[in-house]
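I have placed the structure first, in the form of structure tokens, so that the comments after it can refer back to it.
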Amino acid sequence: MRYFKILIFVAFSFLTFSSFADSTAKLKEKLNQAIEKGQTYFGHHDDPVYGHAWVDDEGRSDVLETSGKYPGIMSWDLGKLEWGDDKNLDGVSFERMRKEVALQDKRGGLNTFSWHPENPITRKNSWDTADKTIVSQMVNTEEGKVAYVAQLDYLADFFNSLRNENGDKIGVIFRPWHEHTGSWFWWGADNCSVEDYIGLWKIMRQRFDEKGVDNVIWAYSPDRCLDVERYMSRYPGDEYVDIFGTDVYHFNDEAGREEYIENALTALSIASQEAEKRGKLFAFTETGLESLPISDWFTSTLLPILQEKKPVYVVVWRNAHNKPEHFYAPYSGHPAEETFKEFSQNPQILFIENSK
Ligand code: BMA
């Protein structure tokens, strides 16, 4: 009887472990294959749910309409899921997001998530930094922790619900608490202590483990850091991070081009060094030039950076449907369309063929 119990226990552990291994192992394998071939998945935020001057048309994508292919990686945001809302902060329905994640997985592409939450204490948005005690309350007070964990439960349920046609979980990337080395979010450097920031990660991971979330791999994504001390200053620890990321944007059009290239190369070198030391991956977790005033930006500016550094993926930000200047990928008819297409045909850059 005793042996029987042990046998059952071992079988059960194996089952749990293999289901853990399955979704994230598949994802890691894909990422590793790209690295071995020196390839970079190209990503676009909210790509198939809206674009420049259109919203909610199924099957559309500005990237598809300009390059003939879907992005290799879709980027999504969970902001407002922390209250159990139906739609995120940019109006994307979570139901639709779930469906699109499965479609992208079926196409052979990847999915990554960021989170711009409202804080659980005063319920102000991510950019409201007036109260510098928010993170400390979430991490150090019983009431704050309970409120934070209640938010996390919505996220955990959502991740657990990401399934393919067979009902198996889909492995995805999550990069919570991003750009924390800047101070524009309430979890940013000037708005909480190092220990409390790391506490956000610890509580999150503990809760996700309790809720059985086993299909997430984790990305750390400081904003533009030009030295390793700053980059690593709030690093939560090797057990919390799988991918070393960095967010670097191109500002000031042509005048800012050299500076952007330098900053991106420096930040990516730091991310890649730290990743390599630990046998982990690194990625260009967010970038872009708003409105693309440099029409060959993808081939003249981004491509050389990717060729030199070879991050496993790069994500450009969203093409808003209701803010005409707020776009980072070209749309049909935009002057950057032609060279974007050329970029998409480069064998190093991974897009996904449209299977329709
Ligand atoms: C910012 C802008 C905002 C958006 C936010 C979260 O960079 O695109 O309009 O609400 O990201 O997606």
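A quick note: this is a predicted structure, and the numbers were derived from the prediction, not measured. No hydrogens, no waters, no symmetry mates; every other heavy atom, side chains included, goes into these values. Just so you know, ligand 1 is whichever comes first in the structure, and atom 1 is the first atom listed for that ligand.
A side-chain contact (heavy atoms from CB on, under 4.5 Å) with S221 is found for one member of I243, V315, T285, T246 and no other, namely T285.
Residues Y240 and W177 keep their aromatic ring centres 6.0 Å or farther apart.
Evaluation of the side chain to side chain contact (heavy atoms under 4.5 Å, CB included) rule for A189 yields S183, R234 as partners, not counting sequence neighbours. The salt bridge (charged side-chain N to carboxylate O under 4.0 Å, His left out) search around K280 returns none, not counting sequence neighbours. Evaluation of the salt bridge (charged side-chain N to carboxylate O under 4.0 Å, His left out) rule for K211 yields D157 as partners, not counting sequence neighbours.
Between F327 and Y331, the ring-plane angle classifies as perpendicular under the 30° and 60° cut-offs.
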I'd like a table of the close N/O pairs between ligand 1 and the protein (anything under 3.5 Å), one pair per line with both atom names and the distance.
| residue | atom | partner | partner atom | Å |
| --- | --- | --- | --- | --- |
| ligand 1 | 7 (O) | W317 | NE1 | 3.1 |
| ligand 1 | 8 (O) | W317 | NE1 | 3.0 |
| ligand 1 | 8 (O) | R318 | NE | 2.8 |
| ligand 1 | 8 (O) | H326 | NE2 | 2.6 |
| ligand 1 | 9 (O) | R318 | NH2 | 2.8 |
| ligand 1 | 9 (O) | K323 | NZ | 3.0 |
| ligand 1 | 10 (O) | D90 | OD1 | 2.6 |
| ligand 1 | 11 (O) | W317 | NE1 | 3.1 |
| ligand 1 | 12 (O) | D90 | OD2 | 2.6 |

